[in-house]
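Here the structure is laid out as structure tokens; the discussion comes afterwards.
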Protein chains: 2
Amino acid sequence: MTKAQPQTRIQKKNTRAILEAALEVFSANGYRGATVDMIATKAGLSKPNLLYYFGSKEAMYTALLEELLDAWLDPLRALDAQGEPLPELLAYVNRKLDLARDFPRESRLFANEIIHGAPRILAVLKSDLKVLVDEKAAVIAHWSAQGRIECLDPHHLIFSIWSMTQHYADFDVQVHAILGADHDPYPDARQYLETLFTRILRKN
Amino acid sequence: MTKAQPQTRIQKKNTRAILEAALEVFSANGYRGATVDMIATKAGLSKPNLLYYFGSKEAMYTALLEELLDAWLDPLRALDAQGEPLPELLAYVNRKLDLARDFPRESRLFANEIIHGAPRILAVLKSDLKVLVDEKAAVIAHWSAQGRIECLDPHHLIFSIWSMTQHYADFDVQVHAILGADHDPYPDARQYLETLFTRILRKN
DNA sequence: CCTCACTTTTACCAACTGGTCAAATGTTGA
DNA sequence: TCAACATTTGACCAGTTGGTAAAAGTGAGG
């Protein structure tokens with residue numbers, strides 16, 4: 001199913017162009033709403049040519065998901081148990097907000113997959129993601145127990161970080177409908193989130 | 001386009017059955033992923049019979065959206081400028097969490113629509129929703145100015161309430177993948193959100 | 001019982017969509 | 001230059017899907 005490493009220059013170029021186009025089309029229309037023709041047009045290739053590189057629509061989609069999942073979890077992996085609790089958590093929030101701002105299509109792709117029941121990545125969520133989250137939740141719980149941050153349910157803390165940051169990518173049009181199309185929400189959002197998490201976590 | 005009020009009992013019954021089935025199917029599969037046949041089967045009717053009541057797939061979808069939008073905004077409308085600030089806001093959070101818990105399909109339907117650019121309700125978001133949010137944001141800003149709650153960007157405060165509460169409906173499978181399938185997240189979520197908003201809003 | 005409007009179904013269609021195939025065209029290295 | 005391989009394309013297909021047409025069934029009031 002998965003091809004061996006692309007070798008020729010042209011393979012590399014086309015594979016990238018296809019995945020870029022697929023990201024654009026899948027994130028804007030969902031899996032079912034995307035057509036192979038749309039992706040082909042956006043990539044500047046013919047439909048059979050796409051299917052020469054990726055055997056099926058499904059293969060493009062799962063290739064995308066796999067490629068993106070790691071990048072999506074990196075900010076949480078970087079949460080350092082040895083660091084200062086509050087700065088570590090604030091830095092994590094900022095990294096997630098950067099991801100939402102710089103990679104909104106990726107965010108929407110995941111959101112869409114999960115809203116529809118995560119049929120293709122549920123297994124990964126239950127294994128890799130759960131392990132990672134449980135591990136980091138334990139770190140946060142330990143910080144609380146040490147009295148270095150205020151006590152808060154660590155799992156729900158992580159959920160709230162995810163939801164508030166990704167909101168600006170996933171619900172982008174709603175945010176702009178309310179704040180105005182030309183208003184960049186990210187500076188204010190960053191300020192808001194820093195204030196919020198500082199107030200709920202800082203001791204005293 | 002819109003039919004006059006359904007009059008006969010059978011019209012009423014079938015219209016309800018169709019909208020209920022449509023909600024189920026659209027929220028689970030998205031607009032494009034849903035088929036008229038799926039909805040017909042779930043409603044216990046034949047496909048042409050559905051189209052006798054609703055002229056098109058699109059009509060069912062927009063009928064659903066219209067019907068649901070009001071209910072979705074009610075909790076915010078109920079925010080009372082005359083009430084006590086903190087209890088008012090906490091009550092709003094609780095109402096939104098109730099909606100997420102009791103009407104997850106409705107939440108996912110909206111989320112899906114907005115993620116895909118809100119092609120059918122963008123106008124409403126820019127008019128009705130914006131007006132309502134601006135009005136309530138002004139109320140919150142006024143409370144802050146009076147020194148009755150801590151100062152916080154009121155628009156982003158509202159965004160954070162939406163995102164954190166709806167997260168439990170929209171990303172349901174992810175929450176359960178992490179907390180366990182049999183774990184009911186809502187009691188803990190309610191506790192977490194109450195603590196969070198109390199800490200960021202309460203004076204002193 | 002009969003009429004007339006309402007409801008339902010059977011049969012069907014045209015457009016779209018994912019995917020195939022064989023032929024044609026490029027490209028590369030000996 | 002030429003053989004071998006990689007890439008691209010046009011023509012095509014079968015299944016799905018939204019929607020239509022016309023006939024058949026249903027039921028309430030006269």
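So you know, we letter chains A, B, ... as the sequences are listed, proteins then strands, and number each from 1.
Between B:S46 and the phosphate of C:dT8, there is no side-chain N or O to OP1/OP2 separation shorter than 4.0 Å. The side chain of B:N49 contributes an N or O atom lying less than 4.0 Å from OP1 or OP2 of C:dT9.
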Yes or no on side-chain hydrogen bond (donor to acceptor under 3.5 Å, both in side chains) for B:E58 and B:Y31, after CA distance, side-chain angles and deciding distance? CA-CA 9 Å; B:E58 178 84 22; B:Y31 179 76; 3.2 Å; yes
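Here the options are A:V133, A:D134, A:L132, the test is side chain to side chain contact (heavy atoms under 4.5 Å, CB included), and the partner is A:K130; only A:D134 passes.
B:F159 and B:H155 have tilted rings, their planes meeting at an angle from 30° to 60° on a 0 to 90° scale.
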For residues 82-89 of chain B, which side-chain donor-acceptor pairs fall under 3.5 Å, sequence neighbours excluded?
from, atom 1, to, atom 2, distance (Å)
B:E84, OE2, B:R148, NH2, 3.2
B:E88, OE1, B:D80, N, 3.0

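Scanning DNA chain D 5' to 3' for nucleotides with an atom closer than 4.0 angstrom to a non-hydrogen atom of chain A gives a first and last hit of D:dA6 to D:dT17.
Under a 4.0 Å N-O distance rule, the pair B:R105/B:E20 qualifies as a salt bridge.
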Classify every nucleotide of nucleotides 11-24 of chain C by which part a protein heavy atom approaches to under 4.0 Å, writing B for the base, S for the sugar-phosphate alone and - for neither, in 5'-to-3' order. B-----SBBBB---
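Residue B:L45 is classed as having no contact, given no heavy-atom separation below 4.0 Å to the nucleic acid.
Taking OG from A:S56 and CG from A:L50, the interatomic distance works out to 11.5 Å, rounded to the nearest 0.5 Å.
If you check the side chains of B:Y53 and B:N14, you find a donor sitting under 3.5 Å from an acceptor.
Heavy-atom neighbours of B:F103 CZ from other residues, nucleotides or ligands within 6.0 Å: at or below the threshold of 12.
The distance from atom CG of B:N14 to atom C1' of C:dC6 is 12 Å, rounded to the nearest whole Å.
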